[in-house]
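Note sheet for the following structure.
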Amino acid sequence: MDEKNRLKKNEDFKKVYKYGKSYYNRNLVMYIKKNGLDYTRVGFTVTKKIGNSVVRNKIRRRIKEIVRQNFISVKEGYDIILVPKKNVVDINFQELESAVFHIFKLAHVFKNQGENNG
RNA sequence: UGAGUAAGUCGGAUGAUCGCAUGUUCAUUUGAGCAUGAGGAAAGUCCGUGCUCCAUAGGGCAGGAUGCUGGAUAACGUCCAGUGGGGGCGACCCUAAGGCUAGUGCAACAGAAAUAUACCGCCUAACUCGUGUUAGGUAAGGGUGGAAAGGUGAGGUAAGAGCUCACCAGCAACUAGGCGACUAGUUGGCUCUGUAAACCCCAUCUGGAGCAAGACCAAGUAGGGACAUAAAAAGGUGGUUGCCCGCUGCCGUCCCAAUGGUAGGUCGCAUGAACCUAUUGGCAACGAUAGGUCAUAGAUAGAUGAUCAUCUAAAACAGAACACGGCUUACAGACUUACUCAUAUC
RNA sequence: CGGGGUGUGGCGCAGUUUGGGAGCGCGCGUGGUUUGGGACCAUGAGGUCGGAGGUUCAAAUCCUCUCACCCCGA
């Protein structure tokens, strides 16, 4: 997972929020959109409702680590934004990992799954 | 041993695997090695500075801030040493603490009366058999209130009253000590309600905005920029934080595909009112001199995480965003030093 | 990062400037009216004035600290 695989520009975030499809479970919300490139970019949004800056940083780092470890099995050509919900504060790393896997399967972004046309 | 007061320190550690940011060396397409990598409050943004820009920051008014004294400091609403007041047996702690005797305002309800007074009461005189009525004196006692015109005691009086005296409190002047806040003493007249975190007065300070400040490079897009004061300088029309004075642009001409500048990028950006050691001035805050240290966070969707093992067990509050000096607020647990009181023993 | 505002019965608000009685509308309870309901009439309950401290005789109001929410600028 290189620097180019990070979603950074505010303009790109706005595009995904506006035109992308959304999936959710009890811990996460995911926005996804085809970007027309040959690689996938991932961004993270942790809102102020989650907690103070220490809590927000910890959650963002954990999600980033989960995505980094499993990035090799994600399909190319998508912009993805992950937004944690408030109950993420109370769950541990393994539960968060299974929540991320669950939402990736819902959106069909793993390489052994079918096409997502979002 | 128990209870307490003050000051200060730490605030998870070590190892292994994967991964991040910056710097540097080697390779120079990918990459590899090494070093470093959040706090005591980084927080709140409550003050003060540095730094940057503003075409008016100049003068005056208004507004704002501070408010016992002396000192420290780049500066402060901070700190130190004192003074007065308050609390504690004590160690010690708290203190927006200038001026209502410059002026104005306000003081509900209760109460007779709220800055002036006579409801009950006390006393005297007249009238009445008498309960009492009328006129006058009084501020001791009662009741109301946060506050009723010094307090306590004695003398005095028809009853009373600083009316007189003693002590105490307060005020003014003088003398002595202290740089000063103030303290001590003497004398005097004889007493003055509270509120300035009410307007206000006095003393001191005060231009505004803020690193998303601002400087440089510069796609797209768009026409833009420079100079001058000639007939008149009067006038008109704009700008200049609330107002006035004052200051200033335009009411002309010329030039240019370059100029200005958005997205984006580079800088600002970390060597600083820095830290350590020694000597030295000062009660202290703090300073002076000499030597030494510095890659020791510097991002821009924003770097510290995940798993395992051991200690003892998972640890509190909490994450730099230009920097610094303070204040305030949050904080599991552990520890150090000095002092006070009580009890017991020697 | 900077600037500004709000917090008062269950809900929406006034009162804060100039300190002394805590109020208004809707809603709620009870009674009346109606064959019954609505509307209407009468009456009643319900508030630590976001929290803590201070000034004052007295604080929703003045001052300081603090918490939550909302809006604006770049």
Side-chain angles (χ1 to χ4, degrees):
Chain A
M1 186 177 177
D2 291 332
E3 195 63 29
K4 67 174 186 181
N5 299 118
R6 296 291 313 283
L7 194 61
K8 288 188 174 180
K9 296 241 170 73
N10 192 28
E11 195 182 340
D12 295 332
F13 273 80
K14 279 179 179 165
K15 262 186 213 165
V16 176
Y17 281 130
K18 194 169 180 183
Y19 302 111
K21 292 182 74 172
S22 64
Y23 301 88
Y24 56 89
N25 58 25
R26 59 183 301 176
N27 292 319
L28 290 165
V29 181
M30 176 179 173
Y31 295 88
I32 183 164
K33 182 183 174 299
K34 279 190 177 172
N35 59 8
L37 302 169
D38 57 354
Y39 53 88
T40 288
R41 298 184 296 183
V42 186
F44 311 96
T45 297
V46 188
T47 66
K48 270 192 173 176
K49 286 179 189 172
I50 301 292
N52 59 29
S53 55
V54 174
V55 174
R56 293 200 306 268
N57 248 334
K58 184 164 191 172
I59 288 168
R60 186 182 51 77
R61 285 165 177 161
R62 279 181 168 177
I63 295 175
K64 207 169 145 189
E65 175 73 9
I66 291 162
V67 172
R68 187 188 65 79
Q69 285 177 354
N70 301 284
F71 192 71
I72 201 159
S73 54
V74 173
K75 286 187 277 195
E76 283 86 13
Y78 294 99
D79 281 348
I80 296 170
I81 300 174
L82 288 168
V83 183
K85 292 189 185 176
K86 183 149 191 182
N87 22 1
V88 168
V89 176
D90 300 320
I91 68 175
N92 60 29
F93 184 81
Q94 283 81 15
E95 291 172 308
L96 183 61
E97 194 170 34
S98 65
V100 173
F101 286 174
H102 175 253
I103 208 162
F104 274 17
K105 282 177 193 163
L106 269 183
H108 293 83
V109 295
F110 282 131
K111 278 178 177 167
N112 54 5
Q113 292 181 301
E115 181 87 354
N116 182 304
N117 49 10

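Note: hydrogens, waters and symmetry copies are ignored here, and every other heavy atom, side chains too, is used.
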- Item | Set of salt bridge (Lys or Arg N to Asp or Glu O under 4.0 Å) partners for A/Glu76, sequence neighbours left out | A/Lys111
- Query: With sequence neighbours excluded, what pairs up with A/Arg60 under the side chain to side chain contact (heavy atoms under 4.5 Å, CB included) test?
  - Reply: A/Phe44, A/Val46, A/Asn57, A/Lys64
- Item | Dot-bracket notation for RNA chain C, counting Watson-Crick and G-U pairs under 3.5 Å, with | for partners on another strand | ((((((((.[[[[.)....(..]]]].(((((.......))))).....[[[[[..)....]]]]]))))))).
Polar pairs (N or O, both sides) under 3.5 Å between protein and nucleotides 39-44 of chain B?
none

- Message: The side chain of A/Lys58 is closest to which nucleotide in this list: B/rU307, B/rG19, B/rA306?
- Response: B/rA306
- Message: Which residues pass the salt bridge (Lys or Arg N to Asp or Glu O under 4.0 Å) test with A/Glu65, not counting sequence neighbours?
- Response: A/Arg68
- Note on the structure: Whole-Å distance, A/Glu65 CD to B/rG305 P, equals 11 Å
- Watson-Crick or G-U wobble partner of B/rA228, both distances under 3.5 Å: none
- Message: Nearest to the side chain of A/Asn57, heavy atoms from C-beta on, is which of B/rG319, B/rG19, B/rA301?
- Response: B/rG319
- Whichever of A/Gln94 and A/Gly43 has the more 5' nearest nucleotide on RNA chain B, that residue is A/Gly43
- With syn defined as a glycosidic angle within 90 degrees of 0 and anti as anything else, the base of B/rG162 is syn
- Note on the structure: side chain to side chain contact (heavy atoms under 4.5 Å, CB included) filter on A/Val100, not counting sequence neighbours, yields A/Leu28, A/Ile66, A/Phe104
- Can you tell me how far P of B/rG302 sits from CZ of A/Arg60, to the nearest Å? 7 Å
